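Here the structure is laid out as C-alpha cells; the discussion comes afterwards.
Fair warning: this is a prediction, and the values are worked out from it, not measured in the lab.
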Amino acid sequence: AGPNLNNFGNRTTIAGILDHNKKNLKAWIHDAPSLKADVTMSNFSEGSKKLSDQQLDALVEYLSEQKIDVKVPGKAKFKISAKTAKEHNE
C-alpha cells in the first residue's frame, strides 16, 4: 500500500519536504530514507530493488504526468488538484 498518486503531478511538494520537480522526485524515488529519516518507503538505490537510471527516469515521467485536467466551457484546459476539483463540485 502507498499514497494516492492520482494527482501526483499537481502537487507542489514531495513528501511535504522537497520542491516538486523532476530532479527531487528522482532523488526521492532513488533513496527516500536518506532524505527523510522516518520514511517507510523502500530504498531503490541498491540490492534487488535497485532501479536503473532509465527506469527512474521513466517512473519520474509517469508520475509527473498524473494530473487532473479540467475543461471550462469557453476557456483553455488547465490542471487542478483533486482537492480543488472536489471543492468546486460541492
- Query: Would you say the side chain of Leu63 lies within less than 4.5 Å of the side chain of Trp28, judging by non-hydrogen atoms?
  - Reply: no

- Heavy-atom distance under 4.5 Å between the side chains of Phe44 and Ser42, does that happen here? yes

- Item | Gap separating the CG atom of Leu35 from the CD1 atom of Ile14, nearest 0.5 angstrom | 9.5 Å

- salt bridge (Lys or Arg N to Asp or Glu O under 4.0 Å) contacts in which one or both residues fall within residues 16-25, not counting sequence neighbours: Lys22-Glu61

- Query: Between NZ of Lys50 and OG of Ser48, what distance do you get to the nearest 0.5 Å?
  - Reply: 12.0 Å

- CG (Leu56) and CG (Leu25) are apart, to the nearest 0.5 Å, by 9.0 Å

- Note on the structure: Applying ring-ring contact (aromatic ring centres under 6.0 Å, His included) to Phe8 and not counting sequence neighbours gives His20

- Are Lys36 and Leu18 close enough that some pair of their side-chain heavy atoms sits under 4.5 Å apart? no

- Task: Could you grab the distance from atom NE2 of His30 to atom CG of Asn43, nearest 0.5 Å is fine?
- Result: 7.0 Å

- Ignoring hydrogens and angles, tell me if any N or O in the side chain of Asn7 forms a donor-acceptor pair with the backbone of Asn10 under 3.5 Å. no

- Message: For the CD1 atom of Ile29 and the CG atom of Asp57, what is their distance to the nearest 0.5 Å?
- Response: 9.5 Å

- Query: Taking atom CZ of Arg11 and atom NZ of Lys67, what is their separation to the nearest 0.5 Å?
  - Reply: 13.0 Å

